[in-house]
*Asks:* 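Shown below is the structure under consideration.
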Amino acid sequence: ANRGDGPAGLGFYEQALYIWRELGVRFDEAITLNNIGEVHHGWGDGPAALGYFEQALPIRREVGDRAGEAATLNNIGEVHHGWGDGPAALGYYERALPIQREVGDRAGEATTLTKIAMVHRGNGRLVDAVAELELVVALDAAVQRPALKADTVMLAQVRAELVSLGRIAADNAGDR
């Protein structure tokens, strides 16, 4: 699913959802609910997105779709992060991470670690953000993830922010 799907795309998802429910195909029902949630999230409709993600999550657990469960947890975290609720977002990301490790989804693990790093960065916890991004860059390199270059740039940027804050703190200490 592309988050840019318009109303027609949403209509197809809703038709598919109806069919999966009629047939009792819970696995595909959960995927479709998650996709509908992604469309709403892409439109900036967090409450609707969250509603669909929260419907998908227990179904993913019920059918044993661990990778899908982690993806939905990440999606819920993104909604909360978008609302500025870093602690809630972090909680969902930290629930997704061990699942990704369990199923061997190293690229997904890198994505989740990036999300965790951005929450830390937003909370001013730059040392933690750098530590997470160092793990991300190592994972990117290991799995040849296309985001390697962008993540390396982000790591350098956050390191520079950390150095800059250190300089500001040192300057302020010298003013005393």
Side-chain angles (χ1 to χ4, degrees), residues 1-5 13 16-17 20 25-42 46 48-159:
N2 181 328
R3 287 190 174 169
D5 286 346
Y13 284 139
L17 182 61
W20 298 135
V25 182
R26 302 284 281 166
F27 187 91
D28 290 322
E29 177 184 350
I31 290 170
T32 305
L33 285 165
N34 192 74
N35 289 344
I36 293 172
E38 286 184 3
V39 170
H40 283 282
H41 188 241
L50 188 61
Y52 284 101
F53 296 146
E54 288 178 341
Q55 289 179 64
L57 187 60
I59 298 170
R60 288 196 187 255
R61 288 183 180 133
E62 170 192 320
V63 300
D65 180 9
R66 299 290 283 159
E69 179 182 348
T72 300
L73 287 166
N74 266 339
N75 290 340
I76 294 170
E78 284 183 27
V79 170
H80 286 282
H81 194 201
W83 289 339
D85 189 351
L90 197 57
Y92 284 100
Y93 298 149
E94 289 175 344
R95 287 170 52 195
L97 194 58
I99 296 169
Q100 289 163 324
R101 289 176 174 154
E102 169 193 322
V103 300
D105 181 4
R106 299 193 75 200
E109 180 181 348
T111 298
T112 300
L113 287 168
T114 302
K115 294 173 187 306
I116 291 170
M118 293 303 97
V119 171
H120 289 323
R121 182 183 187 204
N123 291 337
R125 296 176 51 194
L126 297 180
V127 171
D128 293 333
V130 165
E132 299 294 348
L133 288 169
E134 287 171 345
L135 293 172
V136 168
V137 168
L139 276 169
D140 285 350
V143 299
Q144 299 178 340
R145 191 166 164 252
L148 174 60
K149 184 175 181 179
D151 290 339
T152 302
V153 169
M154 179 58 67
L155 174 58
Q157 184 177 344
V158 176
R159 280 181 175 154

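Please read all numbers here as calculations on a predicted model, not as lab measurements. One is the number of the first residue; the rest follow in order along the sequence.
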*Asks:* Are the charged groups of Arg125 and Glu132 less than 4.0 angstrom apart, N to O?
*Replies:* no
*Asks:* Considering only distance and modelled atom types, tabulate donor-acceptor pairs under 3.5 Å from the side chains of residues 138-150, sequence neighbours left out.
*Replies:*
from: Asp140; atom 1: OD1; to: Arg145; atom 2: NH1; distance (Å): 2.6
from: Arg145; atom 1: NH1; to: Asp151; atom 2: OD2; distance (Å): 3.0
from: Arg145; atom 1: NH2; to: Thr111; atom 2: OG1; distance (Å): 2.9

*Asks:* Over all heavy atoms of both residues, which pair between Leu33 and Ala56 is shortest? Give the atoms and the distance, please.
*Replies:* CB-CB, 3.8 Å
*Asks:* Going by heavy atoms in the side chains, are Asn75 and His41 under 4.5 Å from each other?
*Replies:*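 Not in contact.
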*Asks:* Output side-chain donor-acceptor pairs under 3.5 Å for residues 89-99, partner residues at least two apart or in another chain, one line each.
*Replies:*
from: Tyr93; atom 1: OH; to: Gly77; atom 2: O; distance (Å): 3.4
from: Tyr93; atom 1: OH; to: Glu78; atom 2: N; distance (Å): 3.3

*Asks:* Please enumerate all residues that pass side-chain contact (heavy atoms from CB on, under 4.5 Å) together with Arg26, with sequence neighbours excluded.
*Replies:* Glu29, Ile59, Glu62, Val63
*Asks:* Can a donor-acceptor pair be found, under 3.5 Å and without considering hydrogens, that links the side chain of Arg121 to the backbone of Ala129?
*Replies:*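 No: the side chain of Arg121 does not pair with the backbone of Ala129.
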*Asks:* Between Thr114 and Met154, is any pair of side-chain heavy atoms under 4.5 Å apart?
*Replies:*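 Answer no - side chains too far apart.
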*Asks:* Roughly how far, to the nearest 0.5 Å, is CD of Gln55 from OG1 of Thr72?
*Replies:* 11.5 Å
*Asks:* CG/Leu50 to CH2/Trp83 distance, rounded to the nearest 0.5 angstrom?
*Replies:* 4.5 Å
*Asks:* Can you tell me how far CD of Gln100 sits from CZ of Arg106, rounded to the nearest 0.5 angstrom?
*Replies:* 12.0 Å
*Asks:* Could you give the distance from CG (Asn34) to OH (Tyr13), rounded to the nearest 0.5 Å?
*Replies:*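 Taking CG in Asn34 and OH in Tyr13, the distance rounds to 9.5 Å.
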*Asks:* In Å and rounded to the nearest 0.5 Å, what is the CD1 to CG distance from Ile31 to Asp65?
*Replies:* 6.0 Å
*Asks:* Does the side chain of His120 come within less than 4.5 Å of Leu126's, by heavy atoms?
*Replies:*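 Leu126 vs His120: side chains apart.
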*Asks:* Can you see which heavy atom on Ala117 is nearest to which on Leu133, and at what distance?
*Replies:* CB-CG, 3.7 Å
